[in-house]
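Lettering of chains follows the sequences in order, A, B, ..., and the numbering in each one begins at 1.
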Amino acid sequence: MRYTDYLLPTLKETPADAEVVSHRLMLRAGMIRKVAAGIYNYLPLGLRSLRKVEQIVREEMNRAGAHEVLMPMVVPAELWQESGRWQQYGRELLRFKDRKEADFCLGPTHEEVITDIVRHEVRSYRQVPLNLFQIQTKFRDEIRPRFGLMRGREFIMKDAYSFDLDDAGADAAYERMYQAYRRIFQRCGLNFRAVEADTGNIGGSSSHEFMVLAESGEDAIVSCDSCEYAANVEKAELRAPAGATPEPAEGLTKVLTPARKTVEEVAAFLKTSPHRLVKTLIVRTDKGETLAVLLRGDRELNDIKLCRLLDCAWVEMAGEEVVLQATGAPSGFAGPVGLKLRIIADREVQGLADFITGANEKDAHFTGVNHGRDFQAEAFADLRKAVAGDACPRCDGQLQIWRGIEVGHVFKLGTKYSEALNAVVLDDQGRERVLVMGCYGIGIGRTLASAIEQNHDADGIIWPLPIAPFEVLVMMLNPNDAEVKAAAEQLYAELLGEGVEVLLDDRDERPGAKFKDADLLGIPLRVTVGARGLKDGQVELKERAGGAVAMLAAVTAAADIAERVRGARGR
RNA sequence: CGGGGCGUAGCGCAGCCUGGUAGCGCACCUGCUUCGGGAGCAGGGGGUCGAAGGUUCAAAUCCUUUCGCCCCGACCA
């Protein structure tokens, strides 16, 4: 491709509304442009990389035995009503009516549609296992789109769905997809971890997220420093505390704590540390219940764990009025002693004695509080958020905390959708069997953005070659110098002849501007053709990653470079 | 949806408080010079100041409403 024929609008300055590095660099490198919040144009350069990620995904899906289909983006309401999600999914589902006033939505995910295909076309156990996938534009009306392609409302997703006769088959399909995902993200040059995850509103029995490690990630994950255990913090299990509950040594004593409301304030006032306190959170559930949750003073509640325990959709911290009504005191002074609410405690609290809690009275706390003696907790459960240094639940190691970007998620769905939509086959006994499903998603654009988050420097992008928009950039330093022009043109033609994807910078720009753009675009190999090198019959080859420079004989440069490129493609 | 912020040329911004000729840098066009890390000189084009209403002799500037966008939170493959 000739730069002068191409639409490649690079920006010297960063658009003000771009916060994360991948968003900034994609805008500056002329890959994407915003149309509306969370909705983007892909310009030619951006599309080239996007297609490369798609192609890697496609190849690995095919390798794993999945077959590509394409489903519509516009989906009739009936299918979603049949699964029950028309009501459940919430405002993220963009709904609208056609001219006949019939309800439709833009598909945010396609379990219903794929299951509809399968229930119509698959009638026999001989037709499974079956795994179908598509690479398609999704729409989710996100509450808060942000970070460019990282969290768009419209985005491109690979979604695959497996159908098996039984759980063993479904487990095998899940494992094949899991391995395919590992290959995909390796080929994209990403540093990632597969972690255990919560299934959220997709449902199903278990799932893994594929997390790209990056500071800008919106998720926190834990991983063990000595075994393979890794999980989203939402999901991370904690090892049950060891040791028996100590015997109470102190009596219950009320102390005045004027205007000391937070754990830190109370601890400082009583000259002790936060972990000697037990905090009492008053929470409300989506079912309208108000209850108290006890946690060690320096811990944080993991509300996903609490929801799983209570079997509810969400919990929230109760407002000031509810707290006042439930405890008889303003917030900051709640405690379990004498409290007329259901009390659930983190199991860490079980191992504590003689702790400090609120007294359910303004400006007062209790010291020497002990469970069993001074109050009864209905249950002790794993409710707190994991922190760095916690014991691994699987081995003797310690947990570390990372930030991660979720680029893929695989789910064991079970029969949630196949049952709702009646996707059944006859087995070899002639009996009806409900198909067991799995679903598997990859955010294509998010994967691309993640690659930039992990591969850049102060000057611009540093593409891993397999997803680079071009493999080689040939810089014609001065197009007005006939010799330079001829040599660069010849190298360009030879590289094309070798099957290399090459961008020829034939612009009549000053060298400085061209070098800056080259660094910004991040094409892995840069060949500079200039008068200085040609004097000795040489061109300069520079690797964008690492910056290694080599002088090559102009006559054999194309073959040398093509060889390097083929070695780096990793198909 | 709660809290905060911003809408002035393609991009980055000043002007607004204290109403009175719409500006700067980059980008873009023309010419000359220059050419291995974002050139110099000269000339030039481009704006309903997000929108609507109001106050005023006069509104980018003051007031009201509204739309859009960004950040934090809640939420979320």
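Phosphate contact (OP1/OP2 of C72(B), side-chain N/O of Arg144(A), threshold under 4.0 Å): present. Here Arg510(A) reaches the OP1 or OP2 of A39(B): one of its side-chain N or O atoms lies under 4.0 Å away. Contact annotation: Arg146(A) reaches the phosphate of C72(B) (side-chain N/O to OP1 or OP2, under 4.0 Å).
Atom name C1', nucleotides G45(B) and C35(B): the rounded distance is 27 Å, in whole Å. Going from the C1' atom of G2(B) to that of G20(B) covers 41 Å, rounded to whole Å. Taking the P atoms as reference points, G38(B) lies 22 Å from U33(B), given to the whole Å. Between A22(B) and U65(B), the distance separating the two C1' atoms is 26 Å to the nearest Å. Straight-line distance between the C1' atoms of G4(B) and U8(B): roughly 22 Å, to the nearest whole Å. For C32(B) and C16(B), the C1' atoms lie 42 Å apart once the distance is rounded to whole Å. Straight-line distance between the P atoms of C11(B) and G50(B): roughly 13 Å, to the nearest whole Å. Straight-line distance between the C1' atoms of G73(B) and U66(B): roughly 25 Å, to the nearest whole Å.
Using a 4.0 Å heavy-atom distance criterion, Phe147(A) is classed as a sugar-phosphate-only contact. Residue Lys158(A) is out of contact with every strand shown, counting any heavy-atom pair closer than 4.0 Å. Looking at heavy-atom distances under 4.0 Å, Gly533(A) makes contact with a base. Within 4.0 Å (heavy atoms only), Asp303(A) reaches sugar-phosphate atoms of the nucleic acid but no base atom. Within 4.0 Å of Glu218(A), counting heavy atoms only, lies no atom of the nucleic acid at all. The residue Gly443(A) sits close to a base: some heavy atom pair falls under 4.0 Å. Residue Asp517(A) is classed as a base contact, given a heavy-atom separation below 4.0 Å to a base. Residue Arg507(A) is classed as having no contact, given no heavy-atom separation below 4.0 Å to the nucleic acid. The residue Asn480(A) sits close to a base: some heavy atom pair falls under 4.0 Å. Within 4.0 Å of Lys34(A), counting heavy atoms only, lie sugar-phosphate atoms of the nucleic acid but no base atom. Across all strands, Arg28(A) comes closer than 4.0 Å to base atoms (heavy-atom distances). Within 4.0 Å (heavy atoms only), Thr528(A) reaches at least one base atom of the nucleic acid.
Across the strands present, C6(B) finds its partner in G68(B); the criterion is a Watson-Crick or G-U wobble pair with both atom distances under 3.5 angstrom. For C76(B), there is no paired nucleotide, since no Watson-Crick or G-U wobble pair has both relevant distances below 3.5 Å. Across every strand in view, C28(B) sits in a pair with G44(B) that passes the Watson-Crick or G-U test at under 3.5 angstrom. Look at C62(B): its Watson-Crick or wobble partner, with both distances under 3.5 angstrom, is G54(B). C35(B) is unpaired under the criterion used here, namely a Watson-Crick or G-U wobble arrangement in which both key atom distances are under 3.5 Å. Both distances falling under 3.5 Å, in either a Watson-Crick or a G-U wobble arrangement, occur for no nucleotide opposite C17(B).
Donor-acceptor pairing under 3.5 Å, judged by distance alone, is absent between the side chain of Glu509(A) and the base of G38(B). Residue side chain Asn478(A) does not reach the base of G36(B) through any donor-acceptor N/O pair under 3.5 Å, judged by distance alone.
At whole-Å resolution of the value, CD1 in Ile143(A) and P in C71(B) are 15 Å apart.
Glu142(A) has a carboxylate O that lies under 4.0 Å from a charged side-chain N of Arg151(A), or vice versa, which qualifies the two as a salt bridge.
Taking the ring centre of Trp80(A) as origin, the terminal cationic atom of Arg95(A) falls outside the region bounded by 6.0 Å and 45° from the ring axis. Relative to the ring axis of Tyr174(A), Lys412(A) places its NZ or CZ within 45° and under 6.0 Å from the centre.
Thr4(A) contributes atom OG1, which lies 7.5 Å from atom CG of Leu504(A) (distance to the nearest 0.5 angstrom).
Considering only heavy atoms from C-beta on, Leu525(A) comes within 4.5 Å of Glu543(A) through its side chain. Here the side chains of Tyr492(A) and Met476(A) are not in contact, with every heavy-atom distance at 4.5 Å or above.
Aromatic pair Phe210(A)/His208(A): ring centres not closer than 6.0 Å.
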